[in-house]
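Written out below as structure tokens is the structure these notes cover.
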Amino acid sequence: MATPREREAASYLEKHKILDLMDNLASMLFFHRPERPREFLISQLEMLKVTRMRTADSPCLFNDSNLEAIFGILDPPRQGYITLAQYKEALKTLGIKTFDESPEGCEFNRISQDTFKKEAKDGLMKCSATFKV
């Protein structure tokens, strides 16, 4: 059973999304492998601070080519679309918790690459922008 202090600490971490922030920063370190990791982390935190004021240019692990590669993995026959189930699972795997459950193309169970990229970028931006720095 958690003590009141432990519950308070857990609530604080959840409220400020500290664990999500740490996961994001660690992933960025592993992905970019900068020569000067401390300076890299400082610059990422500074960018997140600016992001709180506007949602453009937030630091993000995935760029267009990464999202296109993910889409390509989900669409090996190169049909130009993925299923709604693939779309939802891919966004959840990227760590996006809230996204459009009925995006363009869902009525035909065909989500285009453009729709996937747009929704993924929007979701990743929202994830980054919600961190409290």
Side-chain angles (χ1 to χ4, degrees):
M1 185 127 220
T3 67
R5 230 170 149 73
E6 290 170 331
R7 284 192 300 275
E8 182 182 333
S11 175
Y12 177 84
L13 291 174
E14 186 176 326
K15 176 183 176 187
H16 294 282
K17 300 186 181 226
I18 301 297
L19 298 178
D20 291 338
L21 172 63
M22 293 298 128
D23 284 345
N24 191 14
L25 290 172
S27 295
M28 292 176 86
L29 274 175
F30 293 133
F31 183 78
H32 293 288
R33 299 181 189 264
E35 289 294 319
R36 301 171 65 176
R38 286 187 176 107
E39 288 81 1
F40 176 80
L41 289 172
I42 289 168
S43 73
Q44 295 304 304
L45 288 169
E46 288 170 346
M47 286 172 51
L48 284 170
K49 187 175 181 179
V50 169
T51 300
R52 286 182 64 198
M53 295 174 230
R54 58 183 170 80
T55 57
D57 302 324
S58 63
C60 186
L61 179 60
F62 298 96
N63 59 25
D64 278 353
S65 64
N66 299 133
L67 295 174
E68 289 166 6
I70 292 169
F71 188 89
I73 291 168
L74 298 171
D75 180 27
R78 303 283 185 241
Q79 301 173 94
Y81 62 87
I82 57 176
T83 67
L84 182 60
Q86 288 174 306
Y87 159 85
K88 289 180 178 180
E89 193 59 35
L91 294 182
K92 288 177 187 173
T93 301
L94 290 172
I96 301 168
K97 296 175 183 163
T98 56
F99 53 86
D100 186 354
E101 298 273 341
S102 302
E104 183 179 333
C106 73
E107 60 276 4
F108 304 109
N109 201 29
R110 293 181 173 197
I111 310 303
S112 71
Q113 182 176 16
D114 288 341
T115 299
F116 172 76
K117 282 176 35 183
K118 178 194 172 306
E119 295 297 328
K121 287 197 300 192
D122 288 351
L124 291 166
M125 289 272 228
K126 287 176 188 169
C127 288
S128 294
T130 58
F131 294 131
K132 297 183 185 243
V133 181

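Computation of the quantities below employed the complete heavy-atom set of this structure, encompassing side-chain atoms and omitting hydrogens, waters and symmetry-equivalent molecules.
- Salt bridge present: Asp122 and Lys118 bring a charged side-chain N and a carboxylate O closer than 4.0 Å.
- A distance of 14.0 Å separates CZ of Arg7 from CD of Glu14, quoted to the nearest 0.5 Å.
- Aromatic ring orientation, Phe71 versus Phe116: tilted (interplanar angle from 30° to 60°).
- Annotation: side-chain contact (heavy atoms from CB on, under 4.5 Å) contacts of Leu41 (sequence neighbours excluded): Leu25, Leu29.
- In terms of hydrophobic clustering, with Ile, Leu, Val, Met, Phe, Trp and Tyr side chains grouped at heavy-atom distances under 4.5 Å, Leu84 and Leu67 are assigned to a common cluster.
- Nearest heavy-atom pair, Leu94 versus Ala120, reported as atom, atom and distance to 0.1 Å: CD1-CB, 4.2 Å.
- Taking every heavy atom of both residues into account, Gly80 and Asp75 meet most closely at N-OD2, 2.8 Å.
- Residues satisfying the side-chain contact (heavy atoms from CB on, under 4.5 Å) criterion with Thr93, sequence neighbours excluded, are Glu89.
- In this structure, the side chain of Ser27 engages the main chain of Asp23 through a donor-acceptor pair within 3.5 Å.
- Note on Ile18: it clusters hydrophobically with Met28, by side-chain heavy-atom contacts below 4.5 Å among ILVMFWY residues.
- Ring orientation note: the planes of His32 and Phe40 are tilted relative to one another, at an angle of 30° to 60°.
- Minimum interatomic distance between Lys117 and Glu68 (heavy atoms only, all atoms of both residues): NZ-OE2, 2.8 Å.
- Between Thr115 and Ile111, the shortest heavy-atom contact is CG2-CG2, 3.9 Å.
- The hydrophobic cluster containing Leu124 does not contain Ile73, counting ILVMFWY residues as joined when their side-chain heavy atoms lie under 4.5 angstrom apart, directly or transitively.
- More than 12 heavy atoms of other residues, nucleotides or ligands shown are found within 6.0 angstrom of CD on Glu107.
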